[in-house]
There are 2 protein chains.
Amino acid sequence: MKATMKDVAELAGVGLGTVSRVVNGYRVKDSTYQKVQEAIARLDYSPDEYARGLKTNRSNIVALIIPTIWHPFFSEFAYHVEKELLKNHYKLFICNADGDAANEIEYIEMLEKNKVDGIIAITYSDIDKYVSSSLPFVSFDRHFSENVSYVTSENFLGGQLAAQELLKRGARQLAYIGGTNIHENETKQRKLGFTAQAEAEACAVLELDMEEPLVNPEEQIESFLRLHPQIDGIFTVNDFMALRVIKVMDRLGKAAPEDYQIIGFDGLRNAEDQSYLLSTIAQSLDLIAQASVDLLLRLISQQQREKTRVAIPVRFEEGGTTKILS
Amino acid sequence: MKATMKDVAELAGVGLGTVSRVVNGYRVKDSTYQKVQEAIARLDYSPDEYARGLKTNRSNIVALIIPTIWHPFFSEFAYHVEKELLKNHYKLFICNADGDAANEIEYIEMLEKNKVDGIIAITYSDIDKYVSSSLPFVSFDRHFSENVSYVTSENFLGGQLAAQELLKRGARQLAYIGGTNIHENETKQRKLGFTAQAEAEACAVLELDMEEPLVNPEEQIESFLRLHPQIDGIFTVNDFMALRVIKVMDRLGKAAPEDYQIIGFDGLRNAEDQSYLLSTIAQSLDLIAQASVDLLLRLISQQQREKTRVAIPVRFEEGGTTKILS
């Protein structure tokens with residue numbers, strides 16, 4: 001009698017899902033892989049039929065919904081997600097939602113119809129109710145009210161790290177410059193971490209938190225900086241905001257790191273072989289992509305059923321706008 | 001008797017393909033659209049059946065093969081291609097070949113099996129023989145030996161423009177710095193245009209044309225610049241090469257535009273709302289995307305059958321590394 005997947009699972013002492021993962025080329029622990037392969041060999045089990053059965057139900061395509069592909073953060077993320085998926089024999093379908101919630105909803109509906117196996121999304125709009133619970137879905141940075149798993153950077157720790165790095169380089173008057181959005185999201189933790197750390201080191205923080213969508217941000221930044229000329233250590237919500245601040249400071253005749261120091265957040269680079277745009281708290285997009293893909297594949301294979309949150313470490317990167325510590 | 005598409009074509013005085021384009025929502029001339037719609041109304045023609053028939057043969061997915069998505073040039077191109085495709089009810093499948101010919105070939109084989117309707121590709125490797133003549137294919141920049149249509153920027157004119165802009169801003173010793181690849185491609189025209197224009201204006205050009213893949217390009221650039229300290233007007237093969245030259249010049253204590261002027265090629269921007277990285281001959285990626293999509297859709301609908309070359313204008317953009325003309 002022909003061996004079944006159940007026979008393999010019993011002999012190897014693992015679950016059916018694990019055998020299925022091995023058979024379909026997903027990553028499992030090395031020792032598990034060994035056990036399953038030995039059982040397959042001993043039972044002369046042929047997985048083809050099962051694999052074929054799966055194939056008809058699966059497209060082996062994952063969709064990535066991003067606000068835009070024309071942005072070094074999202075394009076780097078897409079780059080790493082695709083690399084991770086390829087390792088797992090999945091193809092990537094990039095959906096460029098162009099920052100438009102209507103587009104995002106249209107994409108989600110389209111993807112559900114086209115039976116992609118799962119979705120990874122970075123979205124800052126309110127699409128909770130359109131995220132079907134039937135389709136495996138992993139969100140980056142955005143905490144949905146529904147039962148959605150998400151991956152995020154250690155934003156609070158990143159804010160703390162920024163305060164530490166500025167203070168140990170001699171900054172005396174700290175400032176935070178950012179934008180704030182009505183939707184709940186993880187980026188708010190950056191400011192909280194920054195101010196908490198400054199407070200712990202007995203240092204006050206001046207804040208400019210502009211409402212999004214931003215209206216004349218450069219004018220708002222200029223007024224803020226003119227009002228507080230003593231500011232010499234700035235942390236911004238992201239790297240692009242820091243570039244704006246640098247431009248305004250330039251108009252005011254001040255240069256970093258001589259006259260002030262500034263740290264952004266994200267760790268943007270133009271391409272893999274280019275340098276950071278400025279000193280920054282870098283998100284580890286390679287690890288974020290790996291965690292997102294891993295989580296999504298576990299949801300697809302139903303190894304993971306409960307909502308979960310995965311937090312990925314950040315790191316400080318020197319980029320020329322902070323003083324060199326000797 | 002029920003009217004057929006042929007009846008519509010005859011009454012409207014157009015070809016079957018044109019009726020099919022109108023019925024499937026592709027763009028045709030306004031006057032043609034009018035005629036076809038009138039014929040459809042008069043004959044009470046219902047296109048549903050035909051549309052359904054087409055649907056089963058078409059995926060309405062186009063694939064874009066690019067060396068990497070993590071590069072502002074390719075991500076901007078992907079951004080515009082997707083925008084154009086969406087207007088035509090097509091979805092985009094981005095294939096990140098990671099600069100690897102084996103990946104590109106694997107993608108092309110996979111795409112042929114998965115019946116995408118067509119491929120737009122930017123590739124600098126030798127995949128000629130893998131491009132099936134049966135699948136509509138548009139190449140950007142790369143001239144294939146096979147019967148492949150392609151879109152390119154006016155590279156020769158761009159080189160000429162760079163020489164003109166440098167000379168009219170007072171540069172006296174011009175230099176070209178670039179890399180050269182064994183595969184035939186359009187970027188070589190940039191250097192040819194630059195030197196031709198310089199010659200026409202009786203100005204000599206010093207050249208550093210490094211072999212690709214580049215080995216220690218910064219060292220090569222530094223030796224070249226040290227050997228020719230009189231260089232005060234530089235044109236590079238692309239913007240990233242210009243950033244390298246600026247870095248080396250910085251080490252040599254020279255700053256643009258005071259000590260020398262430099263113009264890159266591409267027109268890279270980090271994102272839609274960001275500024276150019278430096279003075280540059282910008283490629284019109286929106287128009288290139290539009291032309292590529294238009295050409296591909298004409299190949300798909302078989303309105304276009306012959307190989308063709310479409311050249312798109314370039315423009316000079318000030319980006320802070322050339323003197324301001326008063």
Side-chain angles (χ1 to χ4, degrees), chain A residues 59-61 63-64 66-86 89 91-100 103 106-107 110-111 113-114 116 213-214 217-218 238-240 243-244 247 250 266 268-275 277 285-286 289 320, chain B residues 59-61 63-64 66-86 89 91-100 103 106-107 110-111 113-114 116 213-214 217-218 238-240 243-244 247 250 266 268-275 277 285-286 289 320:
Chain A
S59 60
N60 269 48
I61 294 175
L64 174 67
I66 46 179
T68 174
I69 191 66
W70 186 10
H71 186 301
F73 188 76
F74 303 124
S75 61
E76 181 181 346
F77 184 60
Y79 171 86
H80 291 299
V81 167
E82 182 169 44
K83 248 188 161 161
E84 277 308 308
L85 286 172
L86 274 181
H89 315 292
K91 286 162 270 165
L92 180 63
F93 205 164
I94 299 177
C95 305
N96 189 346
D98 211 10
D100 180 344
N103 273 346
E106 211 171 276
Y107 262 127
M110 183 192 93
L111 294 168
K113 265 186 232 138
N114 282 274
V116 297
L214 302 178
E218 290 184 18
N238 58 41
D239 286 346
F240 276 177
L243 292 182
R244 269 204 194 99
K247 208 163 139 192
D250 193 47
D266 277 346
L268 299 186
R269 286 187 288 157
N270 270 318
E272 198 163 13
D273 59 351
Q274 302 289 306
S275 41
L277 305 183
L285 283 171
D286 49 348
Chain B
S59 60
N60 270 49
I61 295 176
L64 175 67
I66 47 180
T68 175
I69 191 67
W70 186 9
H71 186 301
F73 188 77
F74 303 125
S75 61
E76 181 182 346
F77 184 60
Y79 171 86
H80 291 300
V81 166
E82 182 170 44
K83 249 189 162 160
E84 277 308 309
L85 285 172
L86 273 182
H89 315 291
K91 286 162 272 166
L92 179 64
F93 206 164
I94 300 177
C95 305
N96 189 347
D98 211 10
D100 180 343
N103 273 346
E106 212 171 274
Y107 262 127
M110 182 193 94
L111 294 168
K113 265 187 231 137
N114 282 272
V116 298
L214 301 177
E218 290 183 19
N238 59 41
D239 286 347
F240 276 178
L243 292 182
R244 270 207 194 97
K247 208 163 140 192
D250 194 47
D266 277 346
L268 299 186
R269 286 186 289 157
N270 270 318
E272 196 163 14
D273 60 350
Q274 303 288 306
S275 41
L277 304 183
L285 282 171
D286 50 347

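Chain letters run A, B, ... following the sequence lines, proteins first and then strands; every chain starts at 1.
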Asks: Who are the side chain to side chain contact (heavy atoms under 4.5 Å, CB included) partners of D286(B), not counting sequence neighbours?
Replies: H80(B), S284(B)
Asks: Measuring heavy-atom distances to chain A, does L92(B) have an atom under 4.5 Å in its side chain, in its backbone, in both, or in neither?
Replies: backbone
Asks: From E82(A) CD over to W70(B) CH2, what is the distance, rounded to the nearest 0.5 angstrom?
Replies: 14.0 Å
Asks: To the nearest 0.5 Å, how far apart are CZ in F93(B) and CD1 in I61(A)?
Replies: 4.0 Å
Asks: Of all of R269(B), H71(B), K247(B), which one pairs up most often with chain A through heavy atoms under 4.5 Å apart?
Replies: R269(B)
Asks: Residues in side-chain hydrogen bond (donor to acceptor under 3.5 Å, both in side chains) with N270(A), at least two apart?
Replies: none
Asks: Specify the closest pair of heavy atoms between S75(B) and I69(A), including all atoms of both residues, with the distance to one decimal.
Replies: CB-O, 3.2 Å
Asks: For L268(B), which atoms come within 4.5 Å of any heavy atom of chain A: side chain, backbone, both, or neither?
Replies: neither
